[in-house]
Protein chains: 2
Amino acid sequence: MREELILDHGQRLLLRDGYQNLNLDELAKAIEYSKGTIYLQFETKEDLVLGIATRVLKERTRLFERAARFEGRTRERMRAIGFACCDFAVNHRDYFNIEMMLKSASFWEKASAERRRLHGIQAGQTFQTVTGIVVDAIRVGDLPPETRPADVTLSLISITMGSHIAAMEPDIQMVCGVKDPLLVVRRNQDLVCDGWNWKPLLRDWDYAATDRRIKAEIFPTATWLNEA
Amino acid sequence: MREELILDHGQRLLLRDGYQNLNLDELAKAIEYSKGTIYLQFETKEDLVLGIATRVLKERTRLFERAARFEGRTRERMRAIGFACCDFAVNHRDYFNIEMMLKSASFWEKASAERRRLHGIQAGQTFQTVTGIVVDAIRVGDLPPETRPADVTLSLISITMGSHIAAMEPDIQMVCGVKDPLLVVRRNQDLVCDGWNWKPLLRDWDYAATDRRIKAEIFPTATWLNEA
DNA sequence: CGTCGAATTGACTGTGCGTCAATAAATTGT
DNA sequence: ACAATTTATTGACGCACAGTCAATTCGACG
């Protein structure tokens, strides 16, 4: 299919060059169609990039769903999601820059309504996967019964996104003495879970053992995992 | 001074139009100098935008410093910083999009070394203001003695940045039922402080009273403050 | 008032997104 | 088999805008 072909090569070039330097003439050459054909499938460059972003996001959703099936206590399952996040960041290092682009208002208004819808659906699915674990945690009593699931999910999204951004920034790395950015992400996730009083708390459980199981069972090929 | 004039009008246009739509011909017309004169002061468009961003950041640093002088327990002072953050977000609603731009690698490499340095210095100063309160908290025993200050600051930067981004996103607002984005930011900051076991914990202190004092003493003119 | 150097200009170049009239390919009708 | 008609594809072109630089204006000083 032509759209898939465009997305395949578009993704490759986008991740290599970033949004600003993505050149549609070059993309046209790569897919061996003309630029006009690209514009039959996508309204604008932004529309194309949103299409690519949604496809990459779909990969992450799948990764999250697999992590959510990790067998263990609810907080261990959420921890597996945290690992999935880091694994995704490693394997799609440059995708975060693109996700940043998506926050810009001027970007969205140049993309087609249909692609905005599809991206929203995909984002919703990721949200559902995380919230499912939170709901389980409340049901089995690992989280206090009055906890509102969406608030927990939102806080986890926030700390994860924020930590990724902050811990990758050279200025902040310097001044905060960051050695391993992904470790920062996972530690901050622990902090928020402890803040919600998600049992078992960090100090009450051997999460190092959990980490080894997650690595073995969910990410057998991951090489980025530092012990700490 | 010419540079100030350029930055003044540049800031106005940048916040009105965003980075992509900032037009240097229009800026030249606004300052009643030619485009060539702009390029005598700034190497590239990115360089100019970084200059503007640093100047806006300087405003935030000043705001933080004022908030840090709030009289009260260490966690109350940190709470004042949290308010400062929200106040800044309200008064520079569009600045966050620009801060997002700064994360993009291709952006930095087009700015001059000197302006990169100045921005780093300014960021460092903001960091110092926050870390100063954390150090005080450890000294007076509001935070556990083994706490590493930079880790606390980093987690607060992360949750604040992440919450701002997440809570502003329409998709996430919908699915998480966000009514007041700034309330989300402050609640998540509470969560992280509780996670560090920063005394007095949320449930052990009348922070609503603190909030009223902060509003009265530091932000007498702020109108965005919702009681909750 | 003339000379020299610094400040300023704005027409010009290059790049790359997006368009659309022209062309090629496929399908249908006879 | 061939013409007519519809659909797919093209790539040269328009245009907006970042960045340049030779020409020009300005101002200081003798």
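Just so it is clear, the structure is predicted and the values come from calculations on it, not from any experiment. Here is the naming used below: chain letters follow the sequence lines, and residue numbers restart at 1 for every chain.
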CD1 of I6(B) versus C1' of dT9(C): gap in Å, rounded? 14 Å
A side-chain contact here means heavy atoms from C-beta on lying under 4.5 Å apart; do E46(B) and W108(B) qualify? no
Considering only dG19(D), dG18(C), dT9(D), which nucleotide approaches the side chain of L40(A) most closely? dT9(D)
Separation of D47(A) atom CG from dC17(C) atom C1', in whole Å? 14 Å
To the nearest angstrom, how far is K29(A) atom NZ from dG16(C) atom P? 13 Å
Counting just side-chain N and O atoms, does R2(B) come under 4.0 Å of either OP1 or OP2 of dA7(C)? no
Neighbours of DNA chain D within residues 7-26 of chain A, by heavy-atom distance under 4.0 Å: none
Within the structure provided, determine whether R60(A) and V56(A) are in side-chain contact (heavy-atom separation under 4.5 Å). no
Please determine if R77(A) forms a cation-pi arrangement with F70(A), meaning its NZ or CZ atom is less than 6.0 Å from the six-membered ring centre and no more than 45° off the ring axis. no
Can you tell me the distance, in whole Å, between the CZ atom of F42(B) and the P atom of dT8(C)? 14 Å
Please check if atom CZ in R148(B) has more than 12 non-hydrogen atoms from other residues, nucleotides or ligands closer than 6.0 Å. no
Side chains of F127(A) and I172(B), heavy atoms from C-beta outward: is any pair under 4.5 Å? no
May I ask you to test the L156(A)-M78(A) pair for a side-chain heavy-atom distance under 4.5 Å? yes
Find the distance L5(B):CG to dA7(C):P and express it as a whole number of Å. 17 Å
Note, D17(A) side chain near N23(A) side chain (heavy atom, < 4.5 Å): no
Cation over ring face, K45(A) and Y19(A), 6.0 Å, 45°: yes
Sorted by number, residues from residues 30-39 of chain B placing a heavy atom under 4.0 Å from DNA chain C are Y33(B), S34(B), G36(B), T37(B)
